[in-house]
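For ligands, and for the atoms within them, numbers begin at 1 and follow the listed sequence.
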Amino acid sequence: MENKKLAIASDHAGYGLKNFLADHFRKLGYEVTDLGTDSEKSCDYPVFAEKLADFIISGGADLGILCCGTGIGMSIAANKVPGIRAAACSDTFSAKYTRLHNDANVLCLGARVVGEGLAAELADIFVTTGFEGGKHARRVGLITGIEKREK
Ligand code: RB5
């Protein structure tokens, strides 16, 4: 189990899926930090995206999972934090290759897009797949350069 420490967060739309996945990974022996939200009461997804992104960057977890309605708002918000590479995925190929080629460190899932079964499969693939490195490391380095506005 390479990425043993996980962090997870959601807004109200992703609340049920977040709890399901937290439970799923705890049963598999992962250490899971749940950063909220704590109910289905309407809340703002950027708040939770930033909270999880900061937690990942500070070394609190190896990888993160964010759940909202589509997965897209969470990914847009999380990607504003330097060092975060968040990918919204709803197919297994993308979940695998965003780890292999992009070294994505946050998976974003849409609870209104995927069911619990597919979400668990996507998350399992994401957390058990490693970064391929090589030419992909150079490209990820170029992404880091964009964050710093290097030319
Ligand atoms: C909430 O209604 C919804 O907008 C949010 O969960 C997410 O899908 C945003 O991208």
Side-chain angles (χ1 to χ4, degrees), residues 3-28 30-131 136 139-149:
N3 299 303
K4 197 164 167 47
K5 286 165 74 178
L6 305 179
I8 193 161
S10 74
D11 69 353
H12 55 289
Y15 175 70
L17 183 59
K18 168 185 68 81
N19 292 343
F20 171 79
L21 290 173
D23 205 39
H24 169 77
F25 282 109
R26 283 185 184 125
K27 280 183 188 150
L28 290 172
Y30 289 83
E31 183 184 321
V32 182
T33 303
D34 184 341
L35 297 168
T37 188
D38 299 325
S39 76
E40 284 179 347
K41 185 172 173 284
S42 184
C43 62
D44 299 325
Y45 63 84
V47 171
F48 293 92
E50 184 178 18
K51 199 170 170 185
L52 181 132
D54 286 343
F55 192 73
I56 298 288
I57 294 306
S58 70
D62 304 308
L63 295 174
I65 299 171
L66 287 168
C67 305
C68 65
T70 59
I72 296 171
M74 283 293 199
S75 67
I76 293 172
N79 277 319
K80 299 293 179 193
V81 176
I84 291 298
R85 291 175 298 280
C89 298
S90 54
D91 69 277
T92 55
F93 184 87
S94 300
K96 179 176 178 182
Y97 276 83
T98 199
R99 287 287 303 127
L100 285 171
H101 287 189
N102 313 131
D103 198 16
N105 47 15
V106 177
L107 174 68
C108 301
L109 295 168
R112 295 171 180 161
V113 181
V114 297
E116 288 182 346
L118 178 55
E121 199 173 336
L122 295 167
D124 284 346
I125 289 168
F126 187 81
V127 304
T128 58
T129 303
F131 180 45
H136 301 294
R139 291 164 185 167
V140 171
L142 289 169
I143 295 173
T144 307
I146 296 170
E147 290 173 345
K148 297 175 187 152
R149 304 304 295 163

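With a 6.0 Å radius and a threshold of 12 heavy atoms from other residues, nucleotides or ligands, D44 has its CG atom at or below the threshold.
If you take CG on L109 and CD on E116, they are separated by 11.5 Å, rounding to the nearest 0.5 Å. For the atom pair CG (D62) and NZ (K4), the distance works out to 10.0 Å, reported to the nearest 0.5 Å.
The proximity of D11 to ligand 1, defined as any non-hydrogen pair under 4.0 Å, is limited to the side chain. With a 4.0 Å heavy-atom cut-off, ligand 1 is reached by the side chain of A13 but not by its N, CA, C or O.
Considering only non-hydrogen protein atoms, atom 9 (C) of ligand 1 sits nearest to Y45 CE2, 3.5 Å. Nearest non-hydrogen protein atom to atom 10 (O) of ligand 1 is G73 N, 3.0 Å. Of the protein's non-hydrogen atoms, the one nearest atom 3 (C) of ligand 1 is R112 NH1, 3.9 Å. Among all non-hydrogen protein atoms, the one lying nearest atom 8 (O) of ligand 1 is T70 N, 3.0 Å.
Panel note: side chain S75, backbone I72; a donor-acceptor pair is recorded below 3.5 Å. In this structure, the side chain of K18 engages the main chain of T37 through a donor-acceptor pair within 3.5 Å.
Atoms of ligand 1 lying under 4.0 Å from at least one heavy atom of H12, given by number and element, are 1 (C), 2 (O). Proximity to G69 (heavy-atom distance under 4.0 Å) selects the following atoms of ligand 1: 5 (C), 6 (O), 7 (C), 8 (O).
In this pair, H136 and H101 present their aromatic rings parallel. The plane angle is below 30°, not in the 30 to 60° band.
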